[in-house]
Amino acid sequence: MSFLLDGEEVPFIPGQTIMEAARAAGKYIPHLCWDHEFAPHGSCKLCTVKVDGRFGAACTVAAHEGMNVDNRSAELDDKRRTLLQMLFVEGNHFCPSCEKSGDCKLQATAYELKMMSPHFDHFFPDRPVDASHPELLLDFNRCILCELCVRASRDTDGKNVFALSGRGIKTHLIVNSPSGRLADTDMAATDRAASVCPVGVILRKRRGFKVAIGNRTYDKAPISEQPQ
Amino acid sequence: MSAPQHAEITDAVLGRNSRDSTRLLQILRQILEAIGHLPKTVLVQIARELKLPYGRVAGVAGFYHFLGLEAHGHYRVLWSDNIIEQMQGSVELCEEMCRRLWIEPGRVSEDGLVSVGYTSCIGMGDQGPALLVNGRTVTAMTRERVATMVDLIRAKAPVASWPREWFAVTDNIRRRGILLDHGLDAGAALKAAMARGPAAMLAEIVAAKLRGRGGAGFSTGQKWQACRDAAGEAHYVVCNADEGEPGTFKDRVLLTGYADLVFEGMSIAGYCVGAARGLLYLRGEYQYLHEHLEATLAARRSAGLLGKNIGGSGFDFDIEIHLGAGAYVCGEESALIESLEGKRGTPRIRPPFPVTHGYLGHPTTVNNVETLACACLIAIRGGAWYAAIGTEKSAGTKLMSISGDCARPGIYEYPFGVTVAQVLADCGASDTQAVQVSGPSGICVAADEFGRRLAFEDLPSAGAFMVFDDGRDMFEVARNFAHFFAEESCGFCTPCRVGTSLVKNLMDKLNARHGSPHDINELFKLQRLMQSAAHCGLGHTACNPVVDTLNKFRPAYERRLHSMEYEPAFDLDYALSQARQMTGRDDAGAHLENAS
Ligand SMILES: Cc1cc2nc3c(=O)[nH]c(=O)nc-3n(C[C@H](O)[C@H](O)[C@H](O)COP(=O)(O)O)c2cc1C
Ligand code: SF4
Ligand code: SF4
Ligand code: FES
């Protein structure tokens, strides 16, 4: 069983999504909220592809025999650039001073897609930092609401440390304590949720800049050339 | 009220809801009604008792407009911000109310007595300006009513003691057809359906070519068949009474005067698909109908039309009512099911569709109020009779909720295929510039298109018909709709969460005369992105009104452009607005004198 991804044949097992099949074949479809360890979520829409002329999210659409999938077309990459710009302006991202720089999937994807500027006016949301936890720091300014931490804590750690609250543009991440402080939850630095964040929200304290800029994940090779 | 009293009330509400975590939204609503807000201590207690994470409870409370964790004031006034009511002066009335109360819109007064704000259309477009006070609907607001209401609030008079006529909601039925003139006794249609048997009854629905009245127009026969065929230990029927599309109020009228017909349609659906339980999701704005609907259900139970072994046939079926809490997206069927399960109203990944994986994962048919009512007519008179009414692809009749610039707003029932011009003539509209068919997510029709027909093959409609005469500014209409979508986006997916706010900001920028032709291109670009990449119908259609009016009423936009020819490269005052926002300054010194 196979389908065509940008004209190249990709084999799949029935039940796999386009994203899973592409990953198994070593092909890169841009994505942010998807991670092979967790159930697909389908919220960032970076993985939007065109399946036989219809748009769909590669991480949620099932692969079918003989279908024709456009992935890295100019049209789709253009949409993805706009989605990235949206994610940049709705939060507060200052890459040069962020310790995730070089290891950040948002930044790496922006390089991959040649996003040159944020384009839109910044929203400058007011999102405080939570430094209450002895080992972990939460910088909500950079949250892209991908819910990977929500899934990791719930499905892998069995803890439910993270959840979303609010609605629309006011949607925001909360932690599982009435005080709103991470220190008052059962989060541990060894949790899967502690290392799952694709951007620089959930960070280990006292690890800042341990790996020098220049030697980080996406300094070595672009995101499209690294196994996901 | 003291903390121990809060705990006692919470305990009682939890008990009444069997400490069932799928009833979380109902529990939060009921506690809010009793206490007036949702203190953290109460959320902690709920989480503990329902064995849910605290974050889950807080996340649900934070999603719905009528809930929220902040204090609302002893009196919470929410004006409907439907464009039609704005045209009738709702904004001026709201401002007048705020002035008289010495408060700012959206803020609670310092003594915690009152807050005044806005909410999306509350379904009273034919009798506005309307508002909700502590969840109760008040219609036909005037300056006099504002003045008296302010006095009553100041005097701390309980809402229950306010003048009764303020709470009157009228049906305004102006044109009746086969549905509104059904003439059936309660139970007659169900009896006819049971005489046919479930498979034969379903075959009649198919033969009737009945299509969903909630907007999408999906074949009801096909949906029921798929649900019936789906494997599952339990099947469910859900009646979608969320009616959130601004300008739509026909389901409200059906639920008011035709509740038996709606419940009977649910029973027939349950009989066809093999369900024993039905759920009616009533939008929070229609809370005032709750008691009446419960009374109708009770009467049906005592008449043997609901419950065990109905009519001695072995068919068990009962219906439960769930209330929403202010979220337009919960009209989308999978978000509605999430909400019924007591969660945030976020649309699910589809497929799987509700017919196979719906409420609690069971096969579920979700249908609009009107669709279910139509099923009763088909049970009595048969599919062939029904299919002969209307047009080729749109069988039967459609209820239209007509509001705006016309002499006789209200409910009109027409066979499908009627022209826009005919409807305008019937409702007494003149000098009409445009009609918004099916609300903000529908189609804006200009005068040269009034020969078009209301039917799935031409102008599909969920029932709203908003009339704008040639004195209206269609840009303002589109801007109101852009604000609506930004307010109601659920926030799940990037294109709609951020896109609806960007569109709103661009429309505000144009309105402030800071826009350029570049911004118009941006609107088109955002529309293309949202239509192709959004997760649900809300995001797909959120730019329709902007693009429709841009295509059909371009001068309304061009009047606002800084200049058509040149693009202002740098507007210093606009650039400063960002700095003002960051520094929290908005004093005179933070503005440029010569800002244009
Ligand atoms: C954002 C959004 C809001 C909706 N609101 C409603 C609603 O208020 N009432 C309704 O019946 N359908 C609404 N729908 C359509 C429902 O998803 C669904 O198609 C409908 O309830 C199915 O019933 P029907 O087949 O009888 O029309 C909405 C859809 C979307 C995308
Ligand atoms: S904290 Fe990180 S992992 Fe969690 S939602 Fe935000 S961006 Fe995603
Ligand atoms: S399109 Fe809008 S309403 Fe629908 S899921 Fe996305 S954010 Fe939510
Ligand atoms: S990766 Fe598919 S939607 Fe985010």
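Below, chains carry the letters A, B, ... as their sequence lines are ordered, and counting in each starts from 1.
The shortest distance between side-chain heavy atoms of B:Glu522 and A:Phe120 falls below 4.5 Å. At a threshold of 4.5 Å between non-hydrogen side-chain atoms, the residues B:Lys525 and A:Thr82 count as touching.
The contact between B:Ile349 and chain A is made entirely by side chain atoms (from C-beta outward), counting heavy-atom distances below 4.5 Å. For A:His119, the part lying near chain B is the side chain, with the backbone staying farther off; criterion is any non-hydrogen pair under 4.5 Å.
No other option in A:Gly56, A:Gly180, A:Ala163, A:Pro178 has as many heavy-atom pairs under 4.5 Å with chain B as A:Pro178. Per-residue heavy-atom pair counts under 4.5 Å with chain A were compared for B:Arg348, B:Gln531, B:Arg344, B:Arg56, and the maximum is reached by B:Arg344. Among B:Val44, B:Leu502, B:Leu526, the residue with the largest count of heavy-atom pairs under 4.5 Å with chain A is B:Leu502. Interface check for chain A: of the options B:Arg497, B:Lys40, B:His65, the most heavy-atom pairs under 4.5 Å are formed by B:Arg497.
Annotation: residues 480-493 of chain B contacts chain A through B:Glu487, B:Glu488, B:Ser489, B:Cys490, B:Gly491, B:Phe492, B:Cys493 [non-hydrogen atoms, separation under 4.5 Å]. Residues of residues 67-74 of chain A never come within less than 4.5 angstrom of chain B, heavy atom to heavy atom. Proximity to chain B at a heavy-atom threshold of 4.5 Å picks out A:Ile144, A:Leu145, A:Glu147 from residues 136-147 of chain A, in numerical order.
Residues passing the side chain to side chain donor-acceptor pair (under 3.5 Å) test with A:Thr185, sequence neighbours excluded: none.
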